[in-house]
Chemist: 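Sending over a structure as structure tokens; questions will come in a sec.
The sequence lines fix the lettering, A, B, ..., with proteins before strands; numbering per chain opens at 1.
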2 protein chains.
Amino acid sequence: MSISTASKALNDTGRMGSETRERVKRIAAEIGYRPNALARGLLSKRSFTIGLLTNDTYGRFTLPVMAGISDALVDHGVSVFLCAIEDDPALAQIHVDAMLDKQVDGIIATGKRLDRRLPVDLSNLHVPVVYAFTEGTQNSVTFRSDDEQGARLAVEWLMKIGRRRVAHVTGPQEFFSVRERAGAYHEVAGHREPVLYGVWSESWGHDAVEQLWKRSGEKPDALFCGNDQIARGAVDALRERGVKVPQDVSVIGFDNWEIVAAQTRPPLTTVDMELKELGRQAGLTVLALAEGRPVDPGVRKLPCRLIVRQSCGGKAPRE
Amino acid sequence: MSISTASKALNDTGRMGSETRERVKRIAAEIGYRPNALARGLLSKRSFTIGLLTNDTYGRFTLPVMAGISDALVDHGVSVFLCAIEDDPALAQIHVDAMLDKQVDGIIATGKRLDRRLPVDLSNLHVPVVYAFTEGTQNSVTFRSDDEQGARLAVEWLMKIGRRRVAHVTGPQEFFSVRERAGAYHEVAGHREPVLYGVWSESWGHDAVEQLWKRSGEKPDALFCGNDQIARGAVDALRERGVKVPQDVSVIGFDNWEIVAAQTRPPLTTVDMELKELGRQAGLTVLALAEGRPVDPGVRKLPCRLIVRQSCGGKAPRE
DNA sequence: GTGATCTGAGAAAAGCTTTTACCAACCATC
DNA sequence: GATGGTTGGTAAAAGCTTTTCTCAGATCAC
């Protein structure tokens, strides 16, 4: 039997007797034949491989994104190269070169910050590039979370359960998402309380509560925190002051970093940026581009989702 | 100029005039020529690609291991497929098949637990397999942390700074590493205090302190905790009881999970399992096997390292 | 029975690189 | 000047699939 006949039988292509086809398939299965993807890729110009480039060492954001990508692409037989580049331009270039050598069908760039670029230029590659949760280039396809909507979700929830003096404790003002969330906070809460900018740490959350409670006048009855770590520090500080969460003060976080949010006492109500879904869409998009299907460039904002736990009181909208 | 001449020039092989060689290289650099790794792999039977299989969804252990692997292999031009399989045998098989199709030079299996197997059989593959931080098969090469030595390190440190009543609060007894650490604890601390088995959560650390302090008799002057989360819960509980850390009680964790250990107040002294180094060695080993170099099978225990922060008092051994 | 159509299968090329074998030219040696 | 050894380079094969082309044989219509 010739090689080409076997190939056609296995790929359900060409004309041949159905019993020949079946026989080939059976024998192939018996001997455990698996086509060499390298040879196939050499011919088809598709390697069924993509690269994921990230500077997020701890995987805080990258892992959910990666999970989504992998989830979306495994059905299409696509595998993912993970390259952690740690803000090192030389290392990044090495990894990009290695990926290009290996004929990746596309590259997804992801990071830990919406308003920062990866330290490597991906704009003139001959393979498609999609940006996810990191700043993209002109005319690129970029996926990001809708932080404004997420923040609105949080503050509206606090208002809905009856809170009126909502303070906002968040990260450094130079973060784009900080400004976006603060803007939405102002809009919904109506400037009743100030915004406290700081750093992304528990101790800042702790300190911010000290500041707020040391001030004269009415204390906040709710805290909208810029991330779960700050929220956790705030909850700890409130407990130490004898302020009850959620009875006296509602606290809401951002990120839904389960390891922090779910272990806090009480568990944190928080905003989830749906990073897995973001990864899924990025994966499908880079696949579409690799297959030559047209994709409109631009920034796509994905809505966030509110995760209701116990730190706000109120009732969950469902479940 | 013929193709073969160019190939030999670029690979510094064959005989040719040095000025021809230079000229070829210069032109190659000019036109940005990069050899197709697929075609090269087809011939050399090496894809310069390995697969990393993990069931550790949150990357708690996998990310440092991955970083070490990548770090060790990037110099050799090897890229890494990351496959998260989430304890799903079917998904695992799909990923393994995909990797084999893509002619990976080897596979590293890693997980979140030393005494559990990945839900897929890797024992009869025609590519080398190395296990890292997960249970391997007979005659395989397995890298793991030396939990016994790590625990000894921790308890000896507590003794050295003058603590005499060291309690051990740890995870579920069915974990192999829990038993190993408890064994070392007993050996070094001399059975002065009981071992409290529980779960890997902050709240268990919190509860354990309640239990210990509610009992009559002398209280412990040190806690050796099975991981950083438990330690953190314990520290919180101690603070709530007005017990000062580290003045009254020293607390030591395990894992050096920076995000927990460094954010605890006070920052946790803890045991680092050197997972990055573990990954590095696993990477180099699978590479050696892929290149046909002999490697003795067996389990290799890597020593842990004590990270001294502020939760124990005492002085750091150096720096 | 013969030409036309169709069917099943094999041959060959292409994809890109590396390696081995080979060849032509050159120099030196006797 | 013939021989032998270098030297610098080319031709070809191999690695594994897929696709296109070709071909032998069979079937069918007239």
Chemist: How do Ser2(B) and Ala39(B) order along DNA chain D: which one's closest nucleotide is nearer the 5' end?
Modeler: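 Its nearest nucleotide being more 5', the pick is Ser2(B).
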
Chemist: Using whole Å, report how far CG of Leu38(B) lies from P of dT18(D).
Modeler: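 To the nearest whole Å, that distance equals 13 Å.
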
Chemist: For a quick check of understanding: with a heavy-atom distance under 4.0 Å over all strands, which category does Arg34(A) fall into, base, sugar-phosphate or nothing?
Modeler: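 Arg34(A): backbone/sugar contact only, no base atoms under 4.0 Å.
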
Chemist: Is there a donor-acceptor contact under 3.5 Å from the side chain of Thr137(B) to the main chain of Ser123(B)?
Modeler: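 No; judged by distance alone, with no hydrogens or angles, the pair does not exist.
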
Chemist: Under 4.0 Å, heavy atoms only, any strand: does Arg21(A) hit a base, just the sugar-phosphate, or nothing?
Modeler: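 Here Arg21(A) touches no strand at all.
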
Chemist: Compute whether any side-chain donor of one residue and acceptor of the other, for Ser79(A) and Lys102(B), lie under 3.5 angstrom apart.
Modeler: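 There is such a pair between these side chains.
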
Chemist: Can you find a pair of side-chain heavy atoms, one from Pro35(A) and one from Leu10(A), that are under 4.5 Å apart?
Modeler: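 No; the side chains remain at least 4.5 Å from each other.
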
Chemist: Which whole-number value in Å describes the distance from Asn36(B) CG to dA14(C) P?
Modeler: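 For the pair Asn36(B) CG and dA14(C) P, the rounded distance is 17 Å.
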
Chemist: Whole angstroms only, please: what is the CG-P distance between Leu42(B) and dT17(C)?
Modeler: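 Those two atoms, CG and P, are 12 Å apart.
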
Chemist: Rounded to the nearest angstrom, tell me the gap between atom CD in Glu19(A) and atom P in dT7(C).
Modeler: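 About 15 Å, once rounded to whole Å.
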
Chemist: For nucleotides 18-25 of chain C, just jot down a letter per nucleotide in 5' to 3' order: B, S or -, based on protein non-hydrogen atoms under 4.0 Å.
Modeler: BB------

Chemist: Sequence neighbours left out, what passes salt bridge (charged side-chain N to carboxylate O under 4.0 Å, His left out) with Arg23(B)? Give chain and number order.
Modeler: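 Expected list: none.
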
Chemist: Going by the rule side chain to side chain contact (heavy atoms under 4.5 Å, CB included), which residues pair with Asp12(A) if we only count those two or more places apart in sequence or in a different chain?
Modeler: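 Here the qualifying residues are Arg21(A), Lys25(A).
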
Chemist: Nearest to the side chain of Met16(A) - dA9(C), dG15(D), dG8(D)?
Modeler: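 Within the option list, the nearest is dA9(C).
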
Chemist: Just call it for Ser44(A): base, sugar-phosphate, or nothing, with non-hydrogen atoms closer than 4.0 Å on any strand.
Modeler: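 No contact.
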
Chemist: What I want to check is whether the side chains of Ser2(B) and Thr5(B) have a donor and an acceptor closer together than 3.5 Å.
Modeler: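 There is such a pair between these side chains.
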
